[in-house]
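Quick note on labels: first sequence line is chain A, next is B, and so on, each numbered from 1.
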Number of protein chains: 2
Amino acid sequence: MTIPEACVSPDPEQACPISPVVDIVFSRWTTPILWALHEFGRQRFVELERRISTITPKVLTQRLRQLERDGLVVRTYHPEVPPRVEYEISELGRTLAPLFATLADWSATHLRSVDQAREAYDAAGRAR
Amino acid sequence: MTIPEACVSPDPEQACPISPVVDIVFSRWTTPILWALHEFGRQRFVELERRISTITPKVLTQRLRQLERDGLVVRTYHPEVPPRVEYEISELGRTLAPLFATLADWSATHLRSVDQAREAYDAAGRAR
DNA sequence: CTGCATCCGTAAAGATACTG
DNA sequence: CAGTATCTTTACGGATGCAG
């Protein structure tokens, strides 16, 4: 595991009170994972792996551990043969829903503008 | 510039409609930069550098370019001696304000829970 | 099945020094 | 002042193999 406290900002909070949250909620792969768990409910490791098709098991494990440690995801181990592990969003994780909704709203409204800005920027760059 | 389309998710959107926005708004250093510009208005490169004290000029340049390309920040170059460059939030960037507010709210309400979850997790880990 | 361990390549971040 | 050039370091992510 290479992420635990490494993702804690050293000082940027000084200039930005929301940096800590960003590190927790928006580090790599966390949104797809949380979204999948939120949309499709409790599910097993392989299901998540299949849903987020480009993630590797190693990284998926890392991120799930991180999310579990942060209390956003609950991991349930069933000592059977073969073993079965299920993941689900925690109560704390569920409190992120309005945040994600706001984000989806902004996306629907303004994402196109970003694309246009990029095109304009790139076009101007080529002209120079 | 080493970031442009490299930060574009290859597929995760498939499993998460908000991934694109996350890549744009919450990549490294972007929130401190946007926050500083939002809080203190238009300012020069050095001012930003001093405010976000741990960022290096190289990375600050990279991120500002990225934000400019995405249309979230406006860069104004004054051809004087010595040169003067000013950065400010764009109109599009300003539309992020409610999003940041929601984030700050969540932080105020739930950040403590995350800390507690971490402590509990680490304590249990040591016990094992 | 679920994961952990390891090695490895790439690429972003960081530190430092230097120009127009 | 506003960056750029260069080098070093670190982390990420892929591939493989193996254990419970």
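When each of E88(A), R50(A), R51(A) is tested with Q43(A) by the rule side chain to side chain donor-acceptor pair (under 3.5 Å), just one qualifies, namely R51(A).
Across the protein-nucleic acid pair, E49(B) atom CD and dA2(D) atom C1' stand 9 Å apart, rounded to whole Å. If you measure from atom CD of E47(B) to atom C1' of dG3(D), you get 16 Å, rounded to the nearest angstrom. At whole-Å resolution of the value, CD1 in I55(B) and P in dA13(C) are 9 Å apart. Atom CG in L48(B) sits roughly 13 Å away from atom P in dC1(D) (whole-Å rounding). L64(A) places its CG atom 11 Å from the C1' atom of dG3(C), with the value rounded to the nearest Å. Between R84(A) atom CZ and dG20(D) atom C1' there is a gap of 17 Å when expressed in whole angstrom units. The CH2 atom of W29(A) sits 7 Å away from the P atom of dG14(D) (whole-angstrom rounding). One atom, CG of L60(A), and another, C1' of dG3(C), lie 10 Å apart when rounded to the nearest Å.
A donor-acceptor contact shorter than 3.5 Å is absent between the side chain of R69(B) and the backbone of D122(A).
Two residues are said to be in side-chain contact when any heavy atoms from C-beta on lie closer than 4.5 Å; L48(B) and L64(B) meet this criterion.
In this model, the phosphate group of dA13(C) is approached by a side-chain N or O of Q62(B) to a distance below 4.0 Å at OP1 or OP2. At the phosphate of dG20(D), neither OP1 nor OP2 sits under 4.0 Å from any side-chain N or O atom of Y77(A). The phosphate of dA13(C) has OP1 or OP2 within less than 4.0 Å of a side-chain N or O from R63(B).
Closest approach of I24(A) and L111(B) over heavy atoms only: CD1-CD1, 3.6 Å. Scanning both residues, P32(A) and C16(B), for their nearest heavy atoms gives CA-CB, 3.5 Å.
When distances run from any side-chain atom of R65(B) to the nucleotides dG3(C), dG3(D), dA13(C), the shortest one goes to dG3(D). In this structure, the nucleotide among dG3(C), dG14(C), dA2(D) sitting nearest to the side chain of R28(B) is dG14(C). Candidate nucleotides dT2(C), dA2(D), dT4(D) were compared by shortest atom distance to the side chain of T61(B), and dT4(D) ranks first.
With the nearest nucleotide of DNA chain C identified for both V59(B) and F45(A), F45(A) has the one nearer the 5' end.
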Footprint string (nucleotides 15-20 of chain C, 5' to 3'): B base within contact, S backbone only, - free, heavy atoms under 4.0 Å: B----B
Side chain to side chain donor-acceptor pair (under 3.5 Å) assessment of Q66(A) paired with R63(A): CA-CA 5 Å; Q66(A) 179 192 335; R63(A) 292 283 103 96; 3.1 Å; yes
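For the helix from dC1(C)-dG20(D) to dG20(C)-dC1(D), the end axes, each set by the C1' atoms of five terminal pairs, are bent relative to each other by 50° (nearest 10°).
Among residue pairs with one or both ends in residues 101-112 of chain B, those qualifying as side chain to side chain donor-acceptor pair (under 3.5 Å) are T95(A)-W106(B); sequence neighbours excluded. Among pairs with a residue in residues 42-101 of chain A, none fulfils ring pair (Phe, Tyr, Trp, His ring centres under 6.0 Å), at least two apart in sequence or across chains.
Residues passing the side-chain contact (heavy atoms from CB on, under 4.5 Å) test with S113(B), sequence neighbours excluded: L92(A). Residues forming a side chain to side chain donor-acceptor pair (under 3.5 Å) with E80(B) (at least two apart in sequence, or on another chain): R84(B).
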